[in-house]
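Just below is one structure, and these are the notes that go with it.
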Amino acid sequence: MKQTERILPEKLLERFIRYAKIWTTSDPHSADSPTTERQWELLRLLSAELEDLGVPAELDENGFLIGRLPARGVGPQVPTVGFMAHVDTSPDVSGEGVSPRIHRKWQGDAIVLRDDVVLDPVQMPEMAARKGDTIITSDGTTLLGADDKAGIAEIMAAVEYLQSNPDLPHGPLEIIFTPDEETGKGMDRFPLERIQSRCCYTLDGDELGTLEAECFNAYRADIGFFGVSAHPGRARGRLINAISMLGSFLEMLPGSESPEATDGRYGFYHSVEVSGHTEKAELTMILRDFERNEVERRVKALQAFASAVEAAYPGGKVKVSWVKQYLNMREAFSEDPLVVELAQKAIASLGISPVLTSIRGGTDGARLSELGIPSPNLFAGGHNFHSLTEWASLEVMTCAAETVLALALLWGESPAPA
C-alpha cells in the first residue's frame, strides 16, 4: 500500500465509539436468533451504513448481515473474499451503558477506572508495549466491547476507504456481520448458501500483527445430578443431595487442567454455570484442546466421574450430555495455504512482522472453516476481553483496518484456482 492510502485514525475511533455504546450482550439461555433483541439495533445501523456507502446489504431473519462490493478494475477470475466480525458482546460482564474513555498518548502509568478496577501495565505486558498510543477503555463498570466492535469498525473503515477511492482495483468482497458468537451457537443458522467467498477473514484477535490459523477443538458438556429430597430432620438414609453430588463431581476435576492453570497448547475443563436444589442440580462446562483426541478424552473422563459420583451416592443419578461447538481450523489451511500466505503478506506490507499463532479459544471463522470456507483470524487491537479491564489501542486498530484494505487489494491480484 502507498503511504497515502491510510485509514484515518480519528474517523475509525469515532466509528468504534458509536458501535461500542450500543448494548448488544447475547444470552446463552435463549433459543432465539439473535438471542437478544438489542443486537438488532447495531445490525440495522450497520445495514443502513453499508447502504449509505453504496454497498447493497441483506439482513436476514436470524440476524446475519451480508454486504457485497462488486469487483472493480480486475479480471473475471478473481475470487470473492469475505471479512467477518460479530455484533454481540459477552454476557460474562455487563455491556449495558458502555461509556468509553479515551487516554491519548498514554505514557505507561496505571489507568485507574475505579478503586477496584485498575489497568496496570506491570501486570499486562501487551499493554506496556503500547506506550504512546491512544488507549480506549470503559469507565470500569462494563466491558468495552472491543470484542468484537473493534473488528466491525475496522472492516467498515476499510469499506469506506475503498468506496471513497474508486481507482483502487479489487475483487468481489463480502462483508459479513454475525450475531451470538459469544454464545458458541451463533453460526448454527448461518446462511451458507448465500456466501460466495472462497475464503474469509475474521477480525476478532488482539495483538499487533497476529494471525491465528489454529484454534481449540471445543465441546460443551451439560451434567445433570438427580437426588432424592427429604425433610432434613428425618433425612438419614433417605436424602440424596444433588448439590452435594455436584460438589463431589467438581472435586474430581483435575486442577492442573483448568483455564487458570494452563497456557500454550494445554487444554482444559472449565465450569461455567451451576444451578439447582436438593433434588436436582445442573452444571455446564466447556472442554477445550488443540487435539481432538484430547478433548474427547475429557468427555470420557466426565462420564467416568459421573459413574464415581453415582457409586458414592447410591440411588442418585448423573447424566452427562455433550455437544461439539467447533473444531480446530488448521486443517483448512493445510489444504489452501494461499489464504494464510496472503494475510502474512498484507501484514508485512504495513511494515509489521506477521506473527502466526494459535488462539486459545475460537471464532465464527472456526465454524466457517469447518463448513468449507477457510477463515483465519486477524488481530483487531483489543485486549482483556470479557472483563472490566478490556482495552484497545487505536494505533493497532488502524493497522488492522489497513490490513483489511491490503488484503482486498492483494486478492484482486490473485486469480481463482483452476
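Being a predicted model, the structure only gives us computed values, none of them experimental. Residue numbers run from 1 in the order of the sequence given.
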(message) Between Lys324 and Glu370, is the salt bridge (Lys or Arg N to Asp or Glu O under 4.0 Å) condition met? List the steps.
(response) CA-CA 12 Å; Lys324 173 177 65 66; Glu370 193 177 340; 2.7 Å; yes
(request) Return yes if a side-chain donor-acceptor contact under 3.5 Å exists between His103 and Asp133, otherwise no. (result) no
(message) Just so I know, are the side chains of Leu283 and Ser271 near enough to count as touching, which here means a heavy-atom distance under 4.5 Å?
(response) yes
(message) Please determine whether side-chain contact (heavy atoms from CB on, under 4.5 Å) holds for the pair Leu162 and Leu173, giving the CA-CA distance in whole Å, both sets of side-chain angles, and the decisive distance to 0.1 Å.
(response) CA-CA 11 Å; Leu162 287 172; Leu173 305 176; 3.6 Å; yes
(message) Looking at every non-hydrogen atom in both residues, tell me the closest pair between Ala110 and Pro121 and how far apart they are.
(response) CA-CD, 3.8 Å
(message) Do Arg72 and Pro169 have side chains that approach each other closer than 4.5 Å (heavy atoms only, starting at C-beta)?
(response) no
(message) Closer than 4.0 angstrom, basic N to acidic O: yes or no for Glu96 and Arg38?
(response) no
(request) Keeping the roles fixed (side chain from Gln107, backbone from Lys105), state whether a donor-acceptor pair exists under 3.5 Å. (result) yes
(request) Decide whether Glu182 and Ser26 meet the rule of one side-chain donor and one side-chain acceptor closer than 3.5 Å. (result) no
(request) To the nearest 0.5 angstrom, please state how far the CZ atom of Arg68 sits from the CG atom of Leu50. (result) 12.0 Å
(request) Kindly give the heavy-atom pair with the smallest separation between Pro100 and Ile17, and that separation in Å. (result) CB-CD1, 3.4 Å
(request) Please test Leu378 against Thr202 for side-chain contact (heavy atoms from CB on, under 4.5 Å), starting from the C-alpha separation and ending with a verdict. (result) CA-CA 6 Å; Leu378 296 170; Thr202 56; over 6 Å; no
(request) Can you see which heavy atom on Ser393 is nearest to which on Arg130, and at what distance? (result) OG-NE, 4.0 Å
(message) Under a 3.5 Å cutoff, is there a donor and acceptor pairing between the side chains of Thr25 and Trp23?
(response) yes
(message) With rounding to the nearest 0.5 angstrom, report the CD to OG distance, Gln303 to Ser321.
(response) 10.0 Å
(request) Please answer whether the main-chain N or O of Gly362 pairs with a side-chain N or O of Tyr326 as donor and acceptor at a distance below 3.5 Å. (result) yes
(message) For a quick test of reading the model, state the closest non-hydrogen atom pair linking Phe83 to Ala408 and the distance between them.
(response) CZ-N, 4.2 Å
(request) Check Leu144 against Ala392 and note the closest heavy-atom contact, atom names and distance. (result) CD2-N, 4.1 Å
(message) Measuring from atom CZ of Arg265 to atom OG of Ser358, what distance do you get when rounded to the nearest 0.5 angstrom?
(response) 5.0 Å
(request) Report the C-alpha separation of Arg15 and Glu160 in whole Å, then their side-chain angles, then the decisive distance to 0.1 Å, and conclude whether the side-chain contact (heavy atoms from CB on, under 4.5 Å) test is met. (result) CA-CA 11 Å; Arg15 188 181 289 278; Glu160 182 179 25; 3.0 Å; yes
(request) Using a strict 4.0 Å threshold on nitrogen-to-oxygen distance, state whether Glu291 and Arg330 make a salt bridge. (result) yes
(message) Taking the side chain as everything from C-beta on, heavy atoms only, tell me whether His383 gets closer than 4.5 Å to Met124.
(response) no
(message) Within the 4.5 Å heavy-atom criterion, are Pro191 and Ile66 side-chain neighbours or not?
(response) yes
(message) Looking at Gln163 and Leu53, would you say the former's side chain and the latter's main chain have a donor-acceptor pair under 3.5 Å?
(response) yes
(request) State, without any angle test, whether Thr403 and Tyr201 hold a side-chain donor-acceptor pair at a distance under 3.5 Å. (result) no
(message) Is it the case that atom OH in Tyr266 sees more than 12 heavy atoms from other parts of the structure closer than 6.0 Å?
(response) no
(message) Has Ser47 got a side-chain atom pairing as donor or acceptor with Leu43's backbone, closer than 3.5 angstrom?
(response) no
(message) Counting C-beta onward and ignoring hydrogens, is there a side-chain heavy-atom pair between Leu45 and Tyr19 closer than 4.5 Å?
(response) yes
(message) Quick check for you: to the nearest 0.5 Å, what is the distance between Leu143 atom CG and Leu388 atom CG?
(response) 7.5 Å
(request) Not counting sequence neighbours, which residues clear salt bridge (Lys or Arg N to Asp or Glu O under 4.0 Å) with Asp188? List them please. (result) Arg367
(message) Rounded to the nearest 0.5 Å, what separates atom CZ in Phe379 from atom CG in Leu203?
(response) 8.0 Å
(message) Pair Glu61, Arg189 - check salt bridge (Lys or Arg N to Asp or Glu O under 4.0 Å), show working.
(response) CA-CA 10 Å; Glu61 68 278 8; Arg189 302 179 189 181; over 6 Å; no
(request) Kindly check if the number of other-residue, nucleotide or ligand heavy atoms within 6.0 Å of CG (Asp115) is above 12? (result) no
(request) Scan side-chain atoms only and decide if Thr35 and Asp180 contain a donor-acceptor pair under the 3.5 Å cut-off. (result) yes
(message) Just so I know, are the side chains of Glu207 and Val396 near enough to count as touching, which here means a heavy-atom distance under 4.5 Å?
(response) no
(message) Salt bridge check, Arg297 against Glu257: does any charged N sit closer than 4.0 Å to a carboxylate O?
(response) yes
(request) Could you tell me whether Arg18 and Glu14 have a side-chain N and a carboxylate O separated by less than 4.0 Å? (result) yes
(message) As an exercise, state the distance from CE of Met187 to NZ of Lys185, rounded to the nearest 0.5 Å.
(response) 15.5 Å
(request) Taking only Lys NZ, Arg NE, NH1 and NH2, and the carboxylate oxygens of Asp or Glu, determine whether Arg220 and Glu273 approach each other closer than 4.0 Å. (result) no
(message) Please tell me whether Asp88 and Thr24 have a donor and an acceptor in their side chains that are separated by less than 3.5 angstrom.
(response) no
(request) Could you pull out the closest heavy-atom pair between Leu287 and Leu302, with the gap in Å? (result) CD1-CD1, 3.9 Å
(message) Has Glu390 got a side-chain atom pairing as donor or acceptor with Ala146's backbone, closer than 3.5 angstrom?
(response) yes
(message) Is the ring pair Phe225/Phe249 parallel, tilted or perpendicular, if the boundaries are 30 and 60 degrees?
(response) perpendicular
(message) Would you say Thr178 and Asp364 are linked by a side-chain donor-acceptor pair, where the criterion is simply a distance under 3.5 Å?
(response) yes
(request) Mind telling me whether Phe216 and Phe268 have parallel, tilted or perpendicular rings, with 30° and 60° as the class edges? (result) perpendicular
(request) Answer with yes or no whether the side chains of Thr262 and Arg360 bring together a donor and an acceptor at under 3.5 Å. (result) yes
(request) Decide yes or no for Lys319 and Asp222: does some side-chain heavy atom of the first lie under 4.5 Å from some side-chain heavy atom of the second? (result) no
(request) Have a look at Tyr219 and tell me which of Arg292, Arg288, Arg298 forms a side chain to side chain donor-acceptor pair (under 3.5 Å) with it. (result) Arg292
(message) Assess the residue pair Asp289 and Asn217 against the criterion (side-chain contact (heavy atoms from CB on, under 4.5 Å)); give the C-alpha distance rounded to whole Å, side-chain angles, the decisive distance to 0.1 Å, and a yes or no.
(response) CA-CA 5 Å; Asp289 205 282; Asn217 293 286; 5.6 Å; no
(message) Counting only heavy atoms from other residues, nucleotides and ligands, does the tally under 6.0 Å from CH2 of Trp322 exceed 12?
(response) no
